[in-house]
Structure formats: structure tokens, C-alpha cells
**Student:** 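Okay, handing you the structure first.
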Amino acid sequence: MAMKDLADKLVALCMKRGIVFPSAEIYGGAAGFYDYGPVGVILKNRIREFWRSEFIVKRENIYETESSIILPRIVWEASGHVAGFTDVLVECKNCHLRLRADHLIQDTLNIVTEGKTLDELSDIINEHDVRCPNCKGELTSAQKFNLMFKTYVGATESSETEAFLRPETAQSMFLDFMRIQDAMRAKLPFGIAQMGRSYRNEISPRNFLFRLREFEHMEIEFFVHPDQKNDVPDELWNKVENLEVLALPMDLQEKEEPPIQCKGSELFEKGIFSCKWLLYWTLASFSWLVRVGLDPNRLRLRQHMLNERAHYAADCWDIEFQYSFGWKELQGIADRTDYDLKRHTEFSGKTLDFHLAEENIKVVPHVIEPSSGLERIIMALLETAYAEETWMDEKSEAQERTLFKFNSYIAPFQIAVFPLVSRDPLVERAREICTILKDNNFWNIYDAKSSIGRRYRRVDEVGVPFAITVDYQTLEDSTVTIRERDSMKQERYSIQDLVEYFKKQLQFG
Ligand code: GAP
């Protein structure tokens, strides 16, 4: 399927089935903002829960937090975002359309712009006479644009009341560092985790859920002793060292060579990763993404080039996904060193450090940060799971369906329940089964309208992995058929075994 077709079909299906649609749609939509419908909300929650299960519940030393979205200017001065959280824009002198200079150059000239200065970007635009894509007007020279949304707290608009919507959840985890380590009696290494909305005033939001102005971050700030950045315990390392990955370190990118395929452990043994904790979090994130349902062959690890690293990062790797519009960042894993804790100590006058009781000394921990955006995961998942199938049925009639092949534990609705016909006592039995399933916390969807075939097509379109049909045999022997979405195979099960069966099928993998 052509990639453009896939993107259009995904958007159409997401809107039709209440997964996600533009915010303020009746007013023409608001670029970079999306609302989640009932199916999308469950999908989001499912991914959140899987993340929480993997990175918080199953570990002893990662603590979840939830903090303010709006924080005063001083925080963002300390973090470096006021000075440096910028993209480069150009403006059309005629229609005043504002565009991201690097995107414009890449799209029109296919020139890589990573690390180019303002003057260099302006020169490329002038030399190639790049014009406004809207009206062919002349463009201004390139200038920096800060991506943070500014507001004022309280009734007075002044420099003292200036505040910003957070562009990352990370900063609060540094601000709350002392509180949390004390409250949890934490020992190094330990992590603080947060899921929550972040805001970036992107110059040109695009590619559906990929580049948004409001999105959800899932971040962990993992604090390690500065001299123990390679001390990953065996029980964690054993789970990731044999993962097969594609990796693109800096030197291969410089030579324009393809990625290497190797085992996770080789990336440390060969000195490709600067420290083992950075590699551990990269591999653990990779493994989780595969279990969310992403194709491992469409994932690769790419090291940031020196000139693209954030101001706080000593090293940074992206997990990239091969979206329909190219290999793009899905998640970043950065070695933030002690940059943030030291900057907040400097700006607030409050010391942020860790007391090592045995040695009776204080250290400023280093931070390894796996940071991902929930919407980019959803976008990658939708692209992976979308399928169109055609086949001949037993009457040699052509059949077709569109479906999402979500993992059973990620799928929004887990089980569909259908009475064969919309009449009692079949309806009554089907309703009873819905109640049993709901009482056991399974999300199910009841449907009695139109033919069974059409009901299957409807639930396939939202990726429901199992469908139960109550038929006349049910009334005789208390069995039902369970139809499995991908294979379309049907088998009979006793109603009394359903809960156990689904518990096994739907537990997080
Ligand atoms: N705290 C570090 C940080 O925020 P980042 O690379 O700027 O690092 C991390 O962002 C992740 O957040 C990205 O890998 C991506 O998944 C997501 N993200 C960033 N900007 C986004 C945007 N405009 N729309 C959607 N997701 C975004």
C-alpha cells in the first residue's frame, strides 16, 4: 500500500471509529491538537498501564509522581529552556506563513540540515531560491523561535508572574528530587517516573499524531552514582543483553553507512555506548516497545550527532521507528549527567544531592533519562497494526475486511459479545456473559445489530481480539463460540471456563 494511502486511511478510520480526531473540529480544527474518543482513551490507558506495570510496579526503586504543568519562569531559566529550547523559522514576506526552516529545506531540496547555523540555513534558502509553498512569496532570513507556551499566573501580567507550560515533565522530577528521596528513603540508583501532558508550540505540527503541540510524555529520570554508571545488576542486564537490535552510532552516520545488526551486549563490549546504564535503558525501552506490538525490524537505535544533542546531554540515543513518512524519533534516551540538579541548585540556592550514609559523603547523582511520547507510540502502533485482508469464503464469495491487529493486552475493547439473533433467550444469555466479563474487569462490547459477519467487521476495525457468539447450542450445553480476530478460527468453550481463558489470553506480555 502506498504510504500516503496508509496515512489517509488511518486518519479516516481513527475518526470513524472514535479513536482520535481533531480538537475543535466543528470550527475547522486546531493544528497540533487532537481529542481522544472512547476507543482512543482506552487504548491510551492500556499503553499507560503497560508502561506503569513494566517500569514501576515490577520494580522496587522507581517512584511515580504527578506534578504541575505550569511552572514559573525561573525554573525554565535554570533548565536552559528559556535560552535554548528553540527551532528555526522563516516567514513569508507576502502571506506571513511561518515555517520550520529545516523542514522546508529537507522537503523541497532533500538537503540534511542537522546542526546548520542560522546563516547557513538562510544561505541555502537564498541560493536555491526556496519560496513560500503557499503563495510563492519571498522568505525572511532564518530566526530562532522559542517553543514554550508562555502565560501569566494571577491577575497581573509582569515579568514576575511570567510562567510557561512545561515542554517536558522531567524538570519537576529534578525540583522534587529531595522530597521524593526522603519520603521514599530511596537508595542510589533509583528513578522518578511521570506520565503527563507536555506542550510545545511547534512551528509546523504534522504527520497526524507525530508532531503535536500538546502531547503526553512518559519519562523516567534514573539517578545513578556518578562513578557507578556501568554497574547494572545482573538480574536486569540478563533480560536485555541478548536482544537483537539495529544500531547506528555516530561514526557510521558520518560515513553514511547502514546500521549494524548486533546483540545488545556488543554495544557495550565494543564501546559504542558510553555507559552501561544508558544502554540498559535503551534496550529495556526497545524490548517494551516490541511487546507493545511494534515490529522490531522497523525499530533502530540511532546515536545523536554532536551538533544535534540537547544542551544537557553528554550522550543521547533515539529509538527510531520506520513510520510511513520515514525513520523518525520515537523515543530518546539521554545521559543528562548532573546538569539539571546542579543548575537547579545554582538557581534556587537549595542543594540537590544524595547523602551516601556508609561513606558519609554527598554526591550529585547523574541522570539517565528514557523519554517517550505516548502519541508517537500510538502512531507507530496504528501503522503496524493496520491491515486489509481479502479472501474467498466457503460459498466462493469474495470477502474483505480492515482491521487493527493489536496485541490482545493492548487492544482497547478486549471481547465482543454477540447473540446470534437479537431475540430472547439468546439476548438474555449474551447479557449475562457481558456481566460476568465486566465483573472480572474485562472491557467488552455488546452488539446485536445486523448480520454476524457485519458485526465481526465492525469489531475488527477497532481491533477487538476475541468475539463470543451465543447461539442455540448455548441454551442446551452452556457453551459459546470464541472467534479469534487474526486467524478468524472459532472454537467452542464452556461459559464457566471463559474468565480463566481470558485471564490467560489478556495478561500483559
Ligand atoms: N525530557 C527529554 C525530552 O523531552 P525530547 O527528545 O524532546 O526529549 C522525548 O522528547 C519524546 O517526546 C520524543 O522522543 C517523542 O516521543 C516525544 N515528543 C517530543 N516532541 C513531540 C511533539 N511535538 N509531538 C509529539 N511527541 C513529541
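First listed ligand is number 1; within each ligand, the first listed atom is number 1.
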**Student:** Looking at ligand 1, would E375 count as a contact under a 4.0 Å heavy-atom criterion?
**Tutor:** no
**Student:** Would you call R336 a ligand 1 contact, heavy-atom distance under 4.0 Å?
**Tutor:** yes
**Student:** Can you name the atoms of ligand 1, numbered from 1 with element, that are less than 4.0 Å from a heavy atom of E219?
**Tutor:** 1 (N), 2 (C), 3 (C), 4 (O)
**Student:** What do you reckon, does S372 have a nitrogen or oxygen under 3.5 Å from a nitrogen or oxygen of ligand 1?
**Tutor:** no
**Student:** What protein heavy atom lies closest to atom 18 (N) of ligand 1? Include the residue and the distance to one decimal.
**Tutor:** F215 CE1, 3.5 Å
**Student:** Look at the rings of W277 and W281 and say which category their plane angle falls in: under 30° parallel, 30 to 60° tilted, over 60° perpendicular.
**Tutor:** parallel
**Student:** For the CD1 atom of I111 and the CG atom of D102, what is their distance to the nearest 0.5 Å?
**Tutor:** 12.5 Å
**Student:** Start with the C-alpha distance between D87 and K144, add both sets of side-chain angles, then the distance that settles side-chain contact (heavy atoms from CB on, under 4.5 Å), and finish with yes or no.
**Tutor:** CA-CA 6 Å; D87 275 338; K144 284 192 173 167; over 6 Å; no
**Student:** Using a 4.0 Å heavy-atom threshold (strictly under), name the region of I377 that reaches ligand 1: side chain, backbone, both or neither.
**Tutor:** neither
**Student:** Write out the residue and atom name of the closest protein heavy atom to atom 9 (C) of ligand 1, then the distance separating them to 0.1 Å.
**Tutor:** S371 OG, 3.1 Å
**Student:** Using a strict 4.0 Å threshold on nitrogen-to-oxygen distance, state whether E168 and R200 make a salt bridge.
**Tutor:** no
**Student:** How does R376 reach ligand 1, by side chain, by backbone, by both or by neither, if only non-hydrogen atoms under 4.0 Å count?
**Tutor:** side chain
**Student:** Hey, does the Lys NZ or Arg CZ of R376 hover above the aromatic six-ring of F210, less than 6.0 Å from the centre and inside 45° of the axis?
**Tutor:** yes
**Student:** Between W327 and R300, is there a cation-pi geometry (under 6.0 Å to ring centre, at most 45° from the normal)?
**Tutor:** yes
**Student:** For ligand 1, which atoms have a heavy atom of L330 less than 4.0 angstrom away?
**Tutor:** 14 (O), 15 (C), 16 (O)
**Student:** Does the N or O separation between R211 and ligand 1 drop below 3.5 Å for any pair?
**Tutor:** no
**Student:** Determine whether the aromatic ring centres of H366 and Y339 lie less than 6.0 Å apart.
**Tutor:** no
**Student:** Has ligand 1 got any nitrogen or oxygen that is less than 3.5 angstrom from a nitrogen or oxygen of L209?
**Tutor:** no
**Student:** Are E235 and K58 within salt-bridge range, i.e. N to O under 4.0 Å?
**Tutor:** no
**Student:** Both conditions, 6.0 Å and 45 degrees, for the charged tip of K328 above the ring of F321: are they met here?
**Tutor:** no
**Student:** Please verify whether a non-hydrogen atom of F321 lies at under 4.0 Å from ligand 1.
**Tutor:** no
**Student:** For atom 4 (O) of ligand 1, grab the closest protein heavy atom and report residue, atom and distance to one decimal in Å.
**Tutor:** R200 NH2, 2.9 Å
**Student:** Only heavy atoms of E168, strictly under 4.0 Å: list the atoms of ligand 1 that pass.
**Tutor:** 1 (N), 2 (C), 3 (C), 4 (O)
**Student:** Pick one of side chain, backbone, both or neither for how R213 approaches ligand 1, counting any non-hydrogen atom pair under 4.0 Å.
**Tutor:** neither
**Student:** Any N/O of P167 closer than 3.5 Å to an N/O of ligand 1?
**Tutor:** no
**Student:** Give me the residue, atom name and distance of the protein heavy atom closest to atom 13 (C) of ligand 1.
**Tutor:** E329 OE2, 3.2 Å
**Student:** What about G373: any of its N or O atoms under 3.5 Å from an N or O on ligand 1?
**Tutor:** yes
**Student:** Kindly assign one of parallel, tilted or perpendicular to the pair F215 and H217, based on the angle between their ring planes and the thresholds 30° and 60°.
**Tutor:** perpendicular
**Student:** Give me the residue, atom name and distance of the protein heavy atom closest to atom 25 (C) of ligand 1.
**Tutor:** F210 O, 3.1 Å
**Student:** Evaluate the ring planes of Y409 and F508, with Trp represented by its six-membered ring, and classify them as parallel (under 30°), tilted (30 to 60°) or perpendicular (over 60°).
**Tutor:** perpendicular
**Student:** Give the atom numbers and elements of ligand 1 that come within less than 4.0 Å of a heavy atom of E369.
**Tutor:** 1 (N), 2 (C)
**Student:** Centroid-to-centroid, F223 to F190, below 6.0 Å?
**Tutor:** yes
**Student:** Look only at interatomic distance and state if L212 has a nitrogen or oxygen under 3.5 Å from any nitrogen or oxygen of ligand 1.
**Tutor:** yes
**Student:** Which atoms from ligand 1 have a heavy atom of G332 less than 4.0 Å away?
**Tutor:** 14 (O)
**Student:** Would you mind checking if E77 and R73 are paired as a salt bridge, meaning a charged N to carboxylate O distance below 4.0 Å?
**Tutor:** yes
**Student:** Just so I know, are the side chains of V75 and H81 near enough to count as touching, which here means a heavy-atom distance under 4.5 Å?
**Tutor:** no
**Student:** Which atoms of ligand 1 sit under 4.0 Å from any heavy atom of H217?
**Tutor:** 4 (O), 9 (C), 10 (O), 11 (C), 12 (O)
**Student:** Give the atoms of ligand 1, by number and element, whose distance to some non-hydrogen atom of Q331 is under 4.0 Å.
**Tutor:** 14 (O)
